[in-house]
Amino acid sequence: CSAWMGLWSPGKWYPLQCDFSAMIGPDMFREFALPYLGAQCQRLDNSIYHLDGEGELPHLDMLLSISELDGIQWVPGAGNYPVDSPEWFPLYRRIQSSGKNLVLLEVSKENVEKLIKELSPKGLLISTTCSSQKEAEELMERMT
């Protein structure tokens, strides 16, 4: 199945999110969001949490503690460094070191190689665009 994130799964999956969490503190997140996110993960074969901006970062450790959660998709939010900026590399390493997959969408084709060099390939999904098949093939060749 698939969903708005454009990822495919052989089983049931959905991108979980709680954008409201950017407006509440960790205690309220733990009480009002975490149990429901965990329950949703248990009903799915695969799950990715849509971490939407810096306001949600205080809840990251709790999200990473959900054993059934497979991964995190990071969106920096308006006015922040883009998703492929080295500014976010410590965050990406933190997510990967927890054993979760990492989904990075809208990566500039010029920065794909830098991300691949800096991050573990295990569980890493990078989405980018190229203007032609030839350009895509050249990018893929540089990555091998």
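Between Gln17 and Asp19 the shortest heavy-atom distance is NE2-OD2, 3.3 Å. Closest approach of Pro76 to Pro82, counting heavy atoms only: CG-C, 3.9 Å. The two residues Ala136 and Cys130 come nearest to each other via the heavy atoms CA-SG, 3.6 Å. The minimum heavy-atom distance linking Asn46 with Gly11 is given by the pair ND2-N, 4.5 Å.
Remark: Glu106 engages no residue in a salt bridge (charged side-chain N to carboxylate O under 4.0 Å, His left out) (not counting sequence neighbours). Scanning for side-chain hydrogen bond (donor to acceptor under 3.5 Å, both in side chains) contacts around Asp84 gives Asn111, with sequence neighbours left out. For Tyr36, there are no side chain to side chain contact (heavy atoms under 4.5 Å, CB included) partners at least two apart in sequence or on another chain. For Gln133, the side-chain hydrogen bond (donor to acceptor under 3.5 Å, both in side chains) partners are Glu137, not counting sequence neighbours. Under the ring pair (Phe, Tyr, Trp, His ring centres under 6.0 Å) criterion, Trp13 pairs with no residue, sequence neighbours left out. Partners of Glu68 under the salt bridge (charged side-chain N to carboxylate O under 4.0 Å, His left out) rule, at least two apart in sequence or in another chain, do not exist in this structure. For Ser108, the side-chain hydrogen bond (donor to acceptor under 3.5 Å, both in side chains) criterion is met by Glu110, not counting sequence neighbours. Judged as a side-chain hydrogen bond (donor to acceptor under 3.5 Å, both in side chains), and not counting sequence neighbours, Gln40 has no contacts. A search for side chain to side chain contact (heavy atoms under 4.5 Å, CB included) contacts involving Ile116 returns Val112, Ile126, Met143, not counting sequence neighbours.
With values rounded to the nearest 0.5 angstrom, Ser67 atom OG is found 7.5 Å from Gln42 atom CD. Between atom OG of residue Ser98 and atom CG of residue Leu64 there is a gap of 4.0 Å, rounded to the nearest 0.5 Å. The structure places CG of Leu16 at 6.5 Å from CG of Leu69, a figure rounded to the nearest 0.5 Å. Here OG of Ser21 is found 9.0 Å from CE of Met62. Values are rounded to the nearest 0.5 Å. Interatomic distance, Leu102 CG to Tyr92 OH, rounded to the nearest 0.5 Å: 6.5 Å. Lys109 contributes atom NZ, which lies 5.5 Å from atom OG of Ser131 (distance to the nearest 0.5 angstrom).
Side-chain atoms of Ser9 never come within 3.5 Å of backbone atoms of Lys12 as a donor-acceptor pair (strictly under, hydrogens ignored). The backbone N or O of Arg93 lies less than 3.5 Å from a partner atom in the side chain of Ser97, making a donor-acceptor pair.
Taking 4.5 Å as the limit, every side-chain heavy atom of Val107 sits out of range of all side-chain heavy atoms of Thr129. Inter-residue side-chain proximity for Leu44 and Asp70 is flagged as unmet; no heavy-atom pair is nearer than 4.5 Å. Using a 4.5 Å cut-off on side-chain heavy atoms (C-beta onward), Gln96 and Lys122 make no contact. When side chains are defined from C-beta on, Thr128 counts as touching Leu139, because their heavy atoms get closer than 4.5 Å. Contact annotation: the side chain of Leu51 approaches that of Leu60 to within less than 4.5 Å [non-hydrogen atoms, C-beta and beyond]. Using a 4.5 Å cut-off on side-chain heavy atoms (C-beta onward), Ile66 and Leu37 make contact. Contact check for Trp88 versus Leu104: no side-chain heavy atoms found under the 4.5 Å cut-off.
Of the charged side-chain nitrogens involved, at least one lies within less than 4.0 Å of a carboxylate oxygen, so that Lys117 and Glu113 count as a salt-bridged pair. Look at Glu138 and Arg142 and you find no salt bridge, because none of the NZ, NE, NH1 or NH2 atoms lies under 4.0 Å from a carboxylate O.
Annotation: salt bridge (Lys or Arg N to Asp or Glu O under 4.0 Å) contacts involving residues 47-66, sequence neighbours excluded, comprise Asp61-Arg94. Residue pairs meeting the side-chain hydrogen bond (donor to acceptor under 3.5 Å, both in side chains) criterion with at least one member in residues 26-35, sequence neighbours excluded: Asp27-Arg30. Within the structure, ring-ring contact (aromatic ring centres under 6.0 Å, His included) pairs that include any residue of residues 40-60 comprise Trp4-His50, Phe29-His59 (at least two apart or interchain).
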Applying salt bridge (charged side-chain N to carboxylate O under 4.0 Å, His left out), run through Glu118 and Lys114 and close with a yes or a no.
CA-CA 6 Å; Glu118 292 291 327; Lys114 177 173 50 172; over 6 Å; no
With side-chain contact (heavy atoms from CB on, under 4.5 Å) as the test, would you mind laying out the steps for Val75 and Leu105 before giving the verdict?
CA-CA 8 Å; Val75 176; Leu105 306 178; over 6 Å; no
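Ile48 and Trp8 fall into different hydrophobic clusters, defined by Ile, Leu, Val, Met, Phe, Trp and Tyr side-chain heavy atoms under 4.5 Å apart, directly or through other members.
More than 12 non-hydrogen atoms from other residues, nucleotides or ligands lie less than 6.0 angstrom from CZ of Phe89.
Screening Ile95, Asn101, Val103 for a side-chain contact (heavy atoms from CB on, under 4.5 Å) with Ile72, the sole residue that qualifies is Ile95.
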